[in-house]
Amino acid sequence: MPTHEHNCRHLLGELSAYLDGEATTEVCAEIERHLAGCDDCQAVVDTLRKTVTLYHTLPQPELPDGMRERL
């Protein structure tokens, strides 16, 4: 496996903590260094960040009557 691909896979495993502000300073620095040189991962992070923002800002849909009990 090429080093670049390995770094990308490693990055993906840390994204949630990074975006939630829960990653260590060292991990954040490593991710930001990688993102500076990897357009593909930068696109993934931007998309995930937008998805999380939308999830937190959009109104939650109403469940039909009885759905909560069935779940």
Side-chain angles (χ1 to χ4, degrees):
M1 172 185 317
T3 302
H4 179 73
E5 185 177 330
H6 171 73
N7 288 340
C8 294
R9 288 178 188 240
H10 175 71
L11 170 80
L12 293 175
E14 302 289 344
L15 279 184
S16 181
Y18 174 73
L19 291 174
D20 290 342
E22 298 172 354
T24 65
T25 303
E26 294 82 17
V27 169
C28 289
E30 178 183 351
I31 289 173
E32 289 165 9
R33 277 192 304 274
H34 180 80
L35 292 176
C38 185
D39 291 340
D40 290 340
C41 286
Q42 183 64 56
V44 169
V45 169
D46 289 344
T47 301
L48 184 56
R49 186 177 280 131
K50 288 175 187 173
T51 300
V52 169
T53 299
L54 285 173
Y55 175 79
H56 287 293
T57 58
L58 291 176
Q60 296 297 310
E62 293 292 323
L63 292 175
D65 292 337
M67 176 64 75
R68 189 171 305 279
E69 289 80 24
R70 286 185 273 163
L71 290 175

Can you tell if the side chain of Tyr18 reaches within under 4.5 Å of the side chain of Leu35, non-hydrogen atoms only?
yes
Going by side-chain contact (heavy atoms from CB on, under 4.5 Å), Val45 matches just one of Leu12, Asp40, Leu19. Which one?
Leu19
Residues 46-65 vs side-chain hydrogen bond (donor to acceptor under 3.5 Å, both in side chains), sequence neighbours excluded, gives Gln42-Asp46
Apart from Leu58 itself, what residues make up its hydrophobic cluster, given side-chain heavy atom links below 4.5 Å?
Leu54
Would you please name every residue forming a side chain to side chain donor-acceptor pair (under 3.5 Å) with Glu14, sequence neighbours left out?
none
Across all chains, not counting sequence neighbours, the side chain to side chain donor-acceptor pair (under 3.5 Å) partners of Glu22 are none
May I ask you to test the Val44-Leu15 pair for a side-chain heavy-atom distance under 4.5 Å?
yes
